[in-house]
There are 2 protein chains.
Amino acid sequence: MQSLDALTAFGALSQETRLDTFRLLVRHEPEGLPAGELARELEVPANTLSTHLGILARAGLVTSERRGRIIQYRADIARLRELMVFLARDCCGGRSELCEPLVAELACC
Amino acid sequence: MQSLDALTAFGALSQETRLDTFRLLVRHEPEGLPAGELARELEVPANTLSTHLGILARAGLVTSERRGRIIQYRADIARLRELMVFLARDCCGGRSELCEPLVAELACC
DNA sequence: TGCATATTTCGAGAACTATCGAATTATGTG
DNA sequence: CACATAATTCGATAGTTCTCGAAATATGCA
């Protein structure tokens, strides 16, 4: 992941509705959720949410697939991992002693 | 870390100069860098950078300490770790099989 | 085909963010 | 104290982002 990709991802996650949307989708992996159900759950007008979903999609954080009349959205966990690795690389800065506690804490899951 | 803290942190990191600033500071842990030297390195006017440093500081991502005429800035690695854990918690969503490859990849450092 | 449902795109207004010159504050030194 | 240096705050402008009503597009079904 390049710096510009990370920048775009951070921008996508720096808005309340979008962060909520993304987290909700992560919790609904791997089935995903239809756009309309997301809008209902998050209590946001469908067109507003559609704009946010577009931003998340352009940032690579979600994918969508049409299923008949419904468009099913999914979180892209691989992309989330890439974003975390981007942060972790900096975090370490070549010195493992900084990163070790991080890895330990992540091991919890 | 609460959702609102993460939101603020993502907002802080979603601007090019600020992301560059933060990464530069991480690479300069644990000594840190003076505000003026950051401005010179990043080729940004001192007052503009000062505004960005304020945003990073309010997001908890950097700390500062006056040393005579100089104000020394440092990245807050603990906070970065908290942000990553915030993401990782979602990533797992209670299912370890999703998180395992992530932990493995982070272990690289 | 006609109609209902699901979703997106368009467009305009409001709100927020970035930038930087100028002024200000804080500190160290002669 | 006067002066130089380091950094921040102020204020205006330009640019970007958010929101949502209305219109458009896509699909399924009778």
Side-chain angles (χ1 to χ4, degrees), chain A residues 3-25 28 31-76, chain B residues 3-25 28 31-76:
Chain A
S3 185
L4 183 59
D5 299 317
L7 204 57
T8 309
F10 289 136
L13 295 175
S14 70
Q15 202 279 337
E16 190 168 14
T17 302
R18 289 198 297 264
L19 183 56
D20 290 349
T21 303
F22 182 66
R23 298 182 78 195
L24 189 53
L25 284 174
H28 282 267
E31 324 84 44
L33 283 173
E37 201 170 324
L38 283 166
R40 232 170 297 119
E41 288 261 3
L42 298 165
E43 304 182 70
V44 174
N47 63 350
T48 302
L49 187 67
S50 177
T51 302
H52 288 312
L53 285 169
I55 291 166
L56 285 167
R58 256 168 274 126
L61 290 165
V62 305
T63 56
S64 63
E65 189 192 358
R66 184 176 275 279
R67 295 197 190 159
R69 270 187 296 193
I70 273 171
I71 297 189
Q72 190 84 357
Y73 277 88
R74 286 190 57 187
D76 188 331
Chain B
S3 185
L4 183 59
D5 298 318
L7 204 57
T8 310
F10 289 137
L13 295 176
S14 69
Q15 202 279 338
E16 190 167 13
T17 303
R18 288 198 298 265
L19 183 57
D20 290 347
T21 302
F22 182 66
R23 298 181 79 195
L24 189 53
L25 284 174
H28 281 268
E31 325 83 45
L33 283 174
E37 200 170 324
L38 283 165
R40 230 170 297 120
E41 288 262 4
L42 298 164
E43 304 182 67
V44 174
N47 63 350
T48 301
L49 187 67
S50 178
T51 302
H52 288 311
L53 285 168
I55 290 166
L56 286 167
R58 256 168 273 127
L61 290 166
V62 306
T63 56
S64 62
E65 189 193 357
R66 187 176 272 279
R67 294 197 192 160
R69 270 187 294 194
I70 275 171
I71 297 187
Q72 191 84 358
Y73 276 87
R74 287 190 56 187
D76 188 331

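Chain identifiers are assigned alphabetically (A, B, ...) following the order of the sequence lines, protein sequences preceding nucleic acid strands; residue numbering begins at 1 within each chain.
The CZ atom of A:R40 sits 11 Å away from the C1' atom of C:dT5 (whole-angstrom rounding). Atom CG in B:L33 sits about 15 Å away from atom P in D:dA6, given to the nearest Å. If you take CG of A:N47 and C1' of C:dG11, they are 12 Å apart, rounded to a whole angstrom. The separation between B:E37 atom CD and D:dT5 atom P is 17 Å, rounded to whole Å. Atom CD of A:E16 is separated from atom P of D:dC18 by 12 Å (rounded to the nearest Å). A straight line from CG of B:L49 to P of D:dT9 spans 13 Å, rounded to a whole angstrom. Rounded to whole angstrom, the span from the CZ atom of A:R66 across to the C1' atom of D:dG28 amounts to 11 Å. Atom CD1 in A:I70 sits about 12 Å away from atom P in C:dT8, given to the nearest Å.
For A:H52, a side-chain nitrogen or oxygen approaches OP1 or OP2 of D:dT19 to under 4.0 Å. The side chain of A:R69 contributes no N or O atom lying less than 4.0 Å from OP1 or OP2 of C:dA4. Residue B:Q72 has no polar side-chain atom (N or O) positioned under 4.0 Å from OP1 or OP2 of D:dA7. For D:dT8, one of the phosphate oxygens OP1 or OP2 lies less than 4.0 angstrom from a side-chain nitrogen or oxygen of B:Y73. The side chain of B:S50 contributes an N or O atom lying less than 4.0 Å from OP1 or OP2 of D:dT8.
Counting heavy atoms from C-beta on, the side chains of A:L24 and A:T21 never come closer than 4.5 Å. At least one side-chain heavy atom of A:F10 sits less than 4.5 Å from a side-chain heavy atom of B:L19. Side-chain contact check for B:L61 versus B:L13: some heavy-atom pair is nearer than 4.5 Å. For the pair A:E16 and B:S3, the minimum side-chain heavy-atom distance is 4.5 Å or more. Contact of the B:I55 side chain with the B:R18 side chain is registered, since non-hydrogen atoms from C-beta on lie closer than 4.5 Å.
B:A35 comes within 4.0 angstrom of the backbone, heavy atoms only, and of no base. When heavy atoms are screened at a 4.0 angstrom cut-off, A:R18 is found touching the sugar-phosphate backbone but no base atom.
Among the nucleotides C:dT7, C:dT19, D:dC20, the one closest to any side-chain atom of B:T51 is C:dT19. Side chain of A:I71, nearest nucleotide from C:dT7, C:dC20, D:dC20: C:dT7.
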